[in-house]
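Remember, it's a predicted structure, so these values are computed and weren't measured experimentally.
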Amino acid sequence: MDTQDLEDGLLQLEDEEPLAPLDDTSSDEEDAAEEYEWEPAVQENDSDIPSIELDDPMDNNDSNGADRESCQHAEHQIFEQDRVTIVPYPDSQAGKPITRAEVQDANTTYGSSIGNTENPYSLFSSRMDWEIAQWAKLRGPSSTAFSDLLSIRGVSERLDLSYKNSRELNVIIDKQLPGRPMFHREQIIALYGDPDFADYLVFAPEHHYTDDDGTVRLYSDMHTGKWWWNTQKKLDEQRPGATIVPVIISTDKTQVTMFHNKTAYPVYLTIGNIPKDICPKLSWRAHVLLAYLPTTHLEHITNKASCRRSVVNLYHACMAHVLSPLEKAGFDGLAMCSGDGILHCCHPLFACFVGDYPKQVLATAVKTMECPKCDIPPDELESSTTPFEIQDLHAILDTLATIDVGDLKFVQACRDAGIKPVIHPFWERLPYANIFQAVTPDILHQLYQGLVKHLLGWLAQACRPNEIDVRCQRFPPNHHICLFMKGITGLSHMSGTEHAQICCFLLGVIIDARLPGNYPCHSSETLSLLDEALVLFHDNKEIFIDLGIWNHFNLPKLHATRHYVSMIRFFGTTDNYNTEYTERLHIDLAKDAYHATNRKDEFMQMTQWLERKEKIVCHAKFIHWQLHNDVPHHPSPRPASLSFDRTQTLAKHPSAKTVSFHTLISDYGATYFREALARYIIQQNHLDESLSRSCLEALAANVHLPFHSVAVYHKIKWLSVDTCGHGDPLATVDSVHVMPCHTSTCQKNDALPARFDTALINNGTGQSVGVKGYRVGQIQAIFSIQERDAQFLFPPTHQPPKHLTYVEWFKPFPSTPDSRHGMYKITRSVHSGERLASIIPILNIVHSIHLIPKFGPVAPRHWTSNNVLEECDAFFVNCYIDRHSFVTLR
């Protein structure tokens with residue numbers, strides 16, 4: 001595609017051709033016949049999925065077929081997790097426990113430390129005494145307000161509390177309750193020994209493959225990457241049988257006040273032995289606060305260059321002090337006890353540094369606008385072909401050693417090496433550490449708040465901001481889509497979540513970019529696809545220069561994407577080290593802690609406040625263990641996958657118990673409800689017969705319905721399934737709304753528009769990857785038939801499922817998606833000017849589908865988010881709203 005053609009496409013200044021049918025040779029009669037042949041069979045019960053043959057319309061001769069099949073094959077292999085071949089580390093002694101006669105788990109040890117008695121709330125006199133203390137420290141008001149409450153005459157006595165004010169409660173917590181050490185060198189030991197993690201810790205590296213031959217490798221948790229395996233080999237030469245504890249350090253400065261620019265600089269720590277499915281969940285407390293770094297700007301140093309160098313050296317001096325325990329423990333190892341009481345000879349090793357680009361530059365001591373990982377020249381950052389090598393750590397260390405020769409030679413050597421003159425950087429003495437490899441991809445700042453932010457600005461200039469905003473305001477609603485009713489080009493200070501939401505529907509260059517953070521498991525084949533997507537972007541990025549929107553692409557964040565594949569191979573998928581997780585920790589461990597102080601000498605108060613909370617949480621876990629006598633279940637580990645285990649649910653009771661057929665037609669848009677239900681009844685009664693269309697219609701015309709209303713439901717939900725056995729609560733991961741126009745419950749005069757969502761429907765032959773066997777439909781009504789009526793209308797051996805749905809169909813997926821953006825174009829199924837509809841079991845609905853209207857050169861202004869599904873004639877099926885849609889529809 002030449003520049004002029006692409007410019008015309010971006011600006012959309014030319015009129016488009018009138019909408020043509022997907023198949024120019026098909027007629028209305030052929031469409032109707034196709035619709036009849038496709039209609040799913042009736043299920044005998046809610047657990048059965050219908051099996052109906054569907055002629056595959058896919059054309060195997062299309063130009064993109066081979067690439068699409070390759071992509072689907074790669075994703076299908078990740079789905080087949082039962083076939084994963086696990087190759088353990090060759091030395092069976094790696095990660096093995098130390099033999100010991102007596103084993104005492106962490107909870108028993110904790111009970112001994114507090115003088116465990118028959119009272120399960122030991123140190124507190126009763127359940128009431130404990131629960132009020134727990135509420136006061138975790139949920140309650142300020143210490144002064146709590147003391148004022150207890151000072152009310154009779155309150156403390158009637159509640160029979162062992163404390164009369166906050167000060168006495170603090171004495172109990174500080175002096176008598178043990179807990180995970182805060183701001184202490186043994187934090188890694190405490191995190192490793194937490195009983196909550198005992199069943200899930202990983203002690204040795206593994207290789208995962210999708211086949212027995214070991215040709216397609218899988219990368220998910222950190223122990224499946226190359227770093228752990230290679231480091232284990234090096235460590236075995238000195239310490240055979242060692243257990244590696246990968247230390248992951250995250251750091252970022254955050255504002256703790258809305259005004260006065262008061263900031264905190266927390267450093268967080270977690271370990272790679274904990275599965276990545278657990279680390280991002282705040283309730284598991286898998287990240288610990290390691291330290292607060294100074295935030296001073298050293299204003300008293302008037303020379304700006306000296307001031308900058310001093311700030312950098314202050315940072316490294318503080319980090320070196322904080323991480324100094326890793327030096328001896330990493331080399332010599334130390335006996336560490338996991339939560340189940342089993343000892344291992346552990347070597348905590350610095351593995352990953354997680355931070356945004358300024359923090360990466362600060363940690364690696366490279367200069368701004370240079371890559372913190374490799375030696376590529378700054379003026380070649382935009383290139384996708386310029387070769388590069390990871391920075392030579394040994395050469396850098398030799399340069400840093402010149403500090404002993406003299407200051408001038410040291411500064412000159414650092415200048416020649418391309419680094420800042422840092423005196424003893426924090427990683428200099430850490431065993432087996434390579435800071436240039438440890439710097440990990442930053443999905444939040446590099447992609448969402450970096451490249452995506454740039455792309456939004458470029459596309460706004462290319463397509464006009466007003467037109468982009470108008471289109472955003474006219475997307476139909478969907479569970480996975482945030483509707484920006486004021487547009488997106490005028491937004492400022494957008495979060496990573498908002499940028500991720502925009503990525504779900506943004507058309508243009510970004511729509512073909514496969515963000516690596518989307519996959520919880522990668523294979524060597526999907527990583528090749530990721531490389532191909534990056535090459536595709538680089539091949540087309542010059543359009544923004546040709547249009548005069550941008551003048552160069554020497555952006556460190558863009559170059560960083562060239563390191564993503566190697567980092568995933570090295571440390572596992574990017575959700576092992578995502579800055580989004582630690583961003584959320586700022587609220588609990590920095591902002592809330594600061595607000596609990598009196599703003600004088602705040603950091604001492606913040607650390608004490610956090611330590612007391614931590615002790616209360618640890619004691620709560622111990623009390624729960626005592627009361628329930630929990631026995632560890634030791635679940636078998638399972639490799640991460642792209643599988644989507646979810647449960648379809650409806651409300652226990654219908655949203656409307658009796659909705660007449662007339663109301664279904666007028667309010668719900670179920671125009672041919674009677675006819676579709678009669679047809680469904682005939683099909684159910686003649687499952688063993690092959691009825692012609694005319695015969696089916698004749699029999700359906702004679703069906704007498706003994707009822708004139710049905711019970712109706714307004715929402716289908718899909719709930720998450722706790723496949724890993726982590727005890728996670730159920731969460732709604734998808735939903736379909738089917739609701740007529742109604743009055744708001746908050747404001748009686750506020751009428752809410754109708755909403756009838758679209759969904760992906762399986763005819764019984766659909767697989768986990770690919771569109772074969774699937775069809776898009778708009779759900780107009782979800783209903784159930786009373787049992788007595790069902791027994792009258794249906795044979796005893798083929799009773800219908802409890803819940804049925806009235807669906808208006810879209811035409812089958814075309815043979816290939818659009819090669820420009822990878823989305824399928826569909827239109828409604830119409831016969832003689834009327835929409836084709838039928839009734840199917842609700843279990844045929846797989847998940848919701850988001851349709852992007854085909855706007856044309858200019859979005860029609862009379863379209864709205866509420867009426868666009870009715871007004872628009874053609875749509876693109878959005879495959880970018882979530883992983884489920886992506887792997888199914890791409």
Pair Arg471 + Glu467, salt bridge at N-O below 4.0 Å: yes
If you compare all heavy atoms of His522 against all heavy atoms of Thr573, which two are closest, and at what distance to 0.1 Å? N-CG2, 3.8 Å
Report yes or no: does Trp427 contribute a side-chain atom to a donor-acceptor pair with the main-chain N or O of Ala363 at less than 3.5 Å? yes
Indicate whether the side chain of Gln446 and that of Tyr564 have a donor and an acceptor atom separated by less than 3.5 Å. yes
Pairing of Asp356 and Lys359 as salt bridge, 4.0 angstrom limit: yes
Check: Thr561 side chain, Lys557 main-chain N or O, donor-acceptor pair, under 3.5 Å: no
At their closest point, which heavy atom of Lys367 faces which heavy atom of Tyr357, and how far apart are they? O-OH, 4.1 Å
Report the residues that fulfil side chain to side chain donor-acceptor pair (under 3.5 Å) with Asn551, sequence neighbours left out, ordered by chain and then residue number. none
Using the ring of each side chain (for Trp, its six-membered ring), is Phe350 parallel, tilted or perpendicular to Phe426, with breaks at 30° and 60°? perpendicular
Look at the side chain of Asp469 and the backbone N and O of Thr489, then say whether any donor-acceptor pair between them is shorter than 3.5 Å. yes
Nearest atoms (heavy-atom pairs only) where Cys414 meets Pro421: SG-CA, 3.7 Å
Main-chain N/O of Leu381 paired with Asn554 side-chain donor or acceptor, under 3.5 Å: yes
With respect to Asp531, which candidate in Thr526, Val565, Leu536 satisfies the side-chain contact (heavy atoms from CB on, under 4.5 Å) definition? Val565
Side chain proximity check, Pro378 to Glu370, heavy atoms < 4.5 angstrom: yes
Measuring only between side-chain heavy atoms, which start at C-beta, is Gln238 closer than 4.5 Å to Tyr432? yes
Using the six-membered ring wherever Trp is involved, compare the ring planes of His223 and His208 and label them parallel, tilted or perpendicular (cut-offs 30° and 60°). perpendicular
Looking at Val87, is its backbone amide N or carbonyl O close enough to the side chain of Glu206 to form a donor-acceptor pair, meaning the two atoms are under 3.5 Å apart? no
Between Leu323 and Ile249, what is the shortest heavy-atom contact and its length? CD2-CD1, 3.9 Å
Is atom NE2 of His394 surrounded by more than 12 heavy atoms (other residues, nucleotides or ligands) closer than 6.0 Å? no
Heavy-atom count check: over 12 atoms from other residues, nucleotides or ligands less than 6.0 Å from Arg429 CZ? no
First locate atom SG of Cys279, then atom CE of Met222, and finally report the distance between them rounded to the nearest 0.5 Å. 9.0 Å
Nearest-0.5 Å distance that lies between atom CD in Gln501 and atom SG in Cys482: 5.0 Å
Looking only at non-hydrogen atoms, find the nearest pair between Ala433 and Leu393 and report the distance. O-CD2, 3.2 Å
Applying side chain to side chain contact (heavy atoms under 4.5 Å, CB included) to Leu362 and Val312, what does each step give before you reach the verdict? CA-CA 7 Å; Leu362 184 61; Val312 172; 3.7 Å; yes
Measure the spacing between OG1 of Thr364 and CD of Gln391 and express it to the nearest 0.5 Å. 8.0 Å
Which residue in the set Asp252, Thr251, Thr254, Leu585 passes side-chain contact (heavy atoms from CB on, under 4.5 Å) when paired with Pro266? Thr254
Go through the steps to decide whether Ile468 and Leu456 satisfy the test side chain to side chain contact (heavy atoms under 4.5 Å, CB included), and finish with yes or no. CA-CA 10 Å; Ile468 287 182; Leu456 286 175; over 6 Å; no
Any sub-3.5 Å donor-acceptor pair from His287's side-chain atoms to Leu269's backbone N or O? no
Ring-ring centroid check His563 Phe388, cutoff 6.0 Å: yes
Ring center gap for Phe505 and His480 short of 6.0 angstrom: no
Can you tell me if Thr224 uses its side chain to pair, donor with acceptor, with the backbone of Ser220 under 3.5 Å? yes
Here the pair of heavy atoms bringing Val452 nearest to Cys503 is CG2-SG, 3.6 Å
For the atom pair CE (Met823) and SG (Cys879), what is the distance rounded to the nearest 0.5 Å? 6.5 Å
If you count every heavy atom of other residues, nucleotides or ligands that lies below 6.0 Å from Lys253 atom NZ, does the total exceed 12? yes
Assign the ring pair Trp229 / His207 to parallel, tilted or perpendicular, where the plane angle (0 to 90°) is split at 30° and 60°. parallel
Do His445 and His499 make the cut of ring centroids closer than 6.0 angstrom? no
Does Gln360 use its side chain to pair, donor to acceptor, with the backbone of Pro372 at less than 3.5 Å? no
Which pairs pass salt bridge (charged side-chain N to carboxylate O under 4.0 Å, His left out) with one or both residues in residues 375-403, sequence neighbours excluded? none
I want to know whether Tyr577 and Trp227 have ring centres closer than 6.0 Å. no
CG of Leu558 to CG of Leu447, rounded to nearest 0.5 Å, is 10.0 Å
Hey, is the main chain of Ile443 close enough, under 3.5 Å, to the side chain of Asn578 for a donor-acceptor pair? no
Ignoring hydrogens and angles, tell me if any N or O in the side chain of Asn576 forms a donor-acceptor pair with the backbone of Lys276 under 3.5 Å. no
Quick one about Ser310 and Asn313 (side-chain donor to acceptor, distance below 3.5 Å, no hydrogens or angles considered), yes or no? no
For the CZ atom of Phe544 and the CZ atom of Phe553, what is their distance to the nearest 0.5 Å? 6.5 Å
Assign the ring pair His821 / Phe876 to parallel, tilted or perpendicular, where the plane angle (0 to 90°) is split at 30° and 60°. perpendicular
